[in-house]
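Only a predicted model underlies this, so the values are computations on that prediction, with no experimental measurement involved.
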Amino acid sequence: MRTKQITALNEDKKIKQLYETAFPEDEQIPWKDLMRLVEEMPLDFTAYYDGEDFFGFTIVYPRKSINWFWYFAVCEKLRGKGYGQTILTQLIEKYSAQTCVLDMESPTQVCDNISQRQRRHDFYIRNGFRDTNVYRTYNDITMTIMMMGEGTFTMQDWDDIIHELQQFWWPDDIEEE
């Protein structure tokens with residue numbers, strides 16, 4: 001596996017296409033804004049390749065106390081073939097000395113993609129994450145916060161992360177509940 005750090009200067013249309021198809025529109029930051037954030041924030045935006053073939057990407061917001069695994073996607077035709085496991089294993093190793101959190105669409109919310117959400121939740125549980133029982137809802141999508149590492153994760157931790165992000169970007173059209 002080969003990795004490449006992504007910046008606004010070396011963005012790739014394959015990465016953009018995966019980003020725009022892997023996440024519901026309500027969970028996406030417009031690509032132009034995301035590329036600006038990559039330049040302004042300390043984000044770890046990594047693309048993953050099998051030889052020359054792109055297969056996925058991650059965006060991690062590394063912080064002093066809790067790292068946020070913000071976006072994680074594998075090309076649709078390659079899902080279920082171990083690429084996601086390869087990426088997550090590398091992320092866990094890279095950030096092993098620190099607490100890591102991620103948010104994902106809740107497997108408890110009634111929705112059309114409940115089986116996909118449950119498989120994703122089970123994937124993270126198998127890889128050492130635990131459900132924090134902290135939930136946030138944005139634009140009618142309930143997100144479950146999952147954590148790996150020592151300690152607990154509280155609404156105050158969530159609010160701290162969001163406050164930091166708001167310094168860089170927060171659109172007026174996101175409705176927080």
Side-chain angles (χ1 to χ4, degrees), residues 6 8 11-48 54-63 66-80 83-84 87-88 91 95 100-125 127 129 131-148 153 155 157-177:
I6 302 302
E11 67 175 287
D12 181 313
K13 64 182 177 185
K14 290 179 185 176
I15 297 168
K16 179 182 179 192
Q17 179 181 16
L18 176 57
Y19 173 76
E20 291 176 345
T21 58
F23 302 99
E25 191 173 335
D26 287 347
E27 293 179 30
Q28 294 176 29
I29 295 171
W31 186 256
K32 179 181 165 190
D33 293 334
L34 182 59
M35 288 299 97
R36 181 182 56 79
L37 291 178
V38 167
E39 297 305 313
E40 294 177 5
M41 292 179 68
L43 295 176
D44 177 3
F45 190 167
T46 305
Y48 299 86
F54 168 71
F55 66 82
F57 74 86
T58 56
I59 301 176
V60 177
Y61 179 30
R63 301 172 65 247
I66 299 172
N67 297 301
W68 184 17
F69 290 9
W70 198 1
Y71 287 102
F72 175 7
V74 173
C75 295
E76 185 174 8
K77 66 182 179 185
L78 299 174
R79 292 178 193 153
Y83 287 103
I87 291 172
L88 188 58
L91 280 179
Y95 294 100
C100 299
V101 297
L102 59 86
D103 61 344
M104 59 163 283
E105 296 168 310
S106 177
T108 63
Q109 183 181 24
V110 176
C111 62
D112 294 336
N113 69 336
I114 192 69
S115 62
Q116 180 188 48
R117 291 180 183 197
Q118 189 61 55
R119 283 191 311 274
R120 191 177 302 131
H121 186 265
D122 294 346
F123 171 72
Y124 290 123
I125 294 289
N127 281 282
F129 282 83
D131 198 318
T132 64
N133 294 312
V134 174
Y135 303 92
R136 294 302 294 184
T137 300
Y138 293 99
N139 296 331
D140 298 325
I141 300 173
T142 299
M143 305 300 283
T144 296
I145 312 299
M146 301 190 73
M147 176 180 185
M148 173 182 278
F153 188 83
M155 286 307 300
D157 294 319
W158 177 261
D159 291 342
D160 290 346
I161 291 171
I162 295 304
H163 177 73
E164 289 173 20
L165 293 174
Q166 287 173 335
Q167 295 176 37
F168 296 96
W169 177 83
W170 202 256
D172 294 332
D173 63 343
I174 288 185
E175 297 175 21
E176 182 176 356
E177 293 179 17

For this session: For Tyr48 and Thr58, run side chain to side chain donor-acceptor pair (under 3.5 Å): C-alpha distance rounded to whole Å, both residues' side-chain angles, the deciding distance at 0.1 Å, then the answer.
Result: CA-CA 8 Å; Tyr48 299 86; Thr58 56; 2.9 Å; yes
If you look at every heavy atom in [X] and [Y], which pair is closest and at what distance?
| X | Y | value |
| --- | --- | --- |
| Ala73 | Ala22 | CB-CB, 3.8 Å |
| Ile15 | Ala47 | CD1-CB, 3.7 Å |
| Phe129 | Cys100 | CE2-O, 4.0 Å |
| Tyr135 | Ser106 | CE2-OG, 4.0 Å |
| Asp160 | Arg63 | CB-NH2, 4.3 Å |
| Met104 | Tyr124 | SD-CD1, 4.0 Å |

Problem set entry | side chain to side chain contact (heavy atoms under 4.5 Å, CB included) evaluation trace for Leu102 with Phe72 | CA-CA 10 Å; Leu102 59 86; Phe72 175 7; over 6 Å; no
Euclidean distance, [Y] [atom2] relative to [X] [atom1], rounded to 0.5 Å:
| X | Y | atom1 | atom2 | result |
| --- | --- | --- | --- | --- |
| Phe123 | Met146 | CZ | CE | 10.5 Å |
| Glu27 | Asp103 | CD | CG | 7.5 Å |
| Gln166 | Ile161 | CD | CD1 | 12.0 Å |

Short side-chain to backbone donor-acceptor contact, [X] and [Y], under 3.5 Å:
| X | Y | answer |
| --- | --- | --- |
| Arg136 | Met143 | no |
| Gln28 | Glu20 | yes |
| Thr132 | Ile145 | yes |
| Tyr83 | Cys75 | no |
| Arg79 | Val74 | yes |

For this session: Just do the side chain to side chain contact (heavy atoms under 4.5 Å, CB included) check on Arg120 and Glu105 with the steps written out, would you?
Result: CA-CA 9 Å; Arg120 191 177 302 131; Glu105 296 168 310; 3.3 Å; yes
Do [X] and [Y] make a side-chain contact, defined as non-hydrogen atoms from C-beta onward lying under 4.5 Å apart?
| X | Y | value |
| --- | --- | --- |
| Pro107 | Thr144 | yes |
| Leu91 | Val60 | yes |
| Met41 | Leu165 | yes |

Classify the ring geometry of [X] against [Y]: parallel below 30°, tilted from 30° to 60°, perpendicular beyond 60°.
| X | Y | result |
| --- | --- | --- |
| Tyr61 | Trp70 | tilted |
| Trp68 | Trp158 | perpendicular |
| Tyr19 | Tyr71 | perpendicular |

For this session: Decide side chain to side chain contact (heavy atoms under 4.5 Å, CB included) for Asp131 and Phe153; before the verdict, give the C-alpha distance in whole Å, the side-chain angles of both, and the deciding distance to 0.1 Å.
Result: CA-CA 10 Å; Asp131 198 318; Phe153 188 83; over 6 Å; no
For this session: Please list, chain by chain and in numerical order, all residues satisfying salt bridge (charged side-chain N to carboxylate O under 4.0 Å, His left out) with Glu40, sequence neighbours excluded.
Result: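 Testing Glu40 for salt bridge (charged side-chain N to carboxylate O under 4.0 Å, His left out), a comparison that skips the adjacent residues, returns Arg36.
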Problem set entry | salt bridge (charged side-chain N to carboxylate O under 4.0 Å, His left out) partners of Glu11, counting only residues at least two apart |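 With neighbours one apart ignored, the set is empty.
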Exercise. Picking from Ile29, Leu34, Asp44, Thr46, what satisfies side-chain contact (heavy atoms from CB on, under 4.5 Å) with Ile59?
Worked result: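 Only one option passes, and that is Leu34.
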Exercise. Who pairs with Phe45 by ring pair (Phe, Tyr, Trp, His ring centres under 6.0 Å), at least two apart in sequence or on another chain?
Worked result: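 For Phe45 the ring pair (Phe, Tyr, Trp, His ring centres under 6.0 Å) partners, ignoring immediate neighbours, are Phe57.
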Inspect the surroundings of [atom1] in [X] and state if more than 12 heavy atoms from other residues, nucleotides or ligands are less than 6.0 Å away.
| X | atom1 | result |
| --- | --- | --- |
| Glu25 | CD | no |
| Gln118 | CD | yes |
| Glu76 | CD | no |

Exercise. Hey, mind stepping through Val38 and Ile6 against side chain to side chain contact (heavy atoms under 4.5 Å, CB included) and telling me if it holds?
Worked result: CA-CA 8 Å; Val38 167; Ile6 302 302; 5.7 Å; no
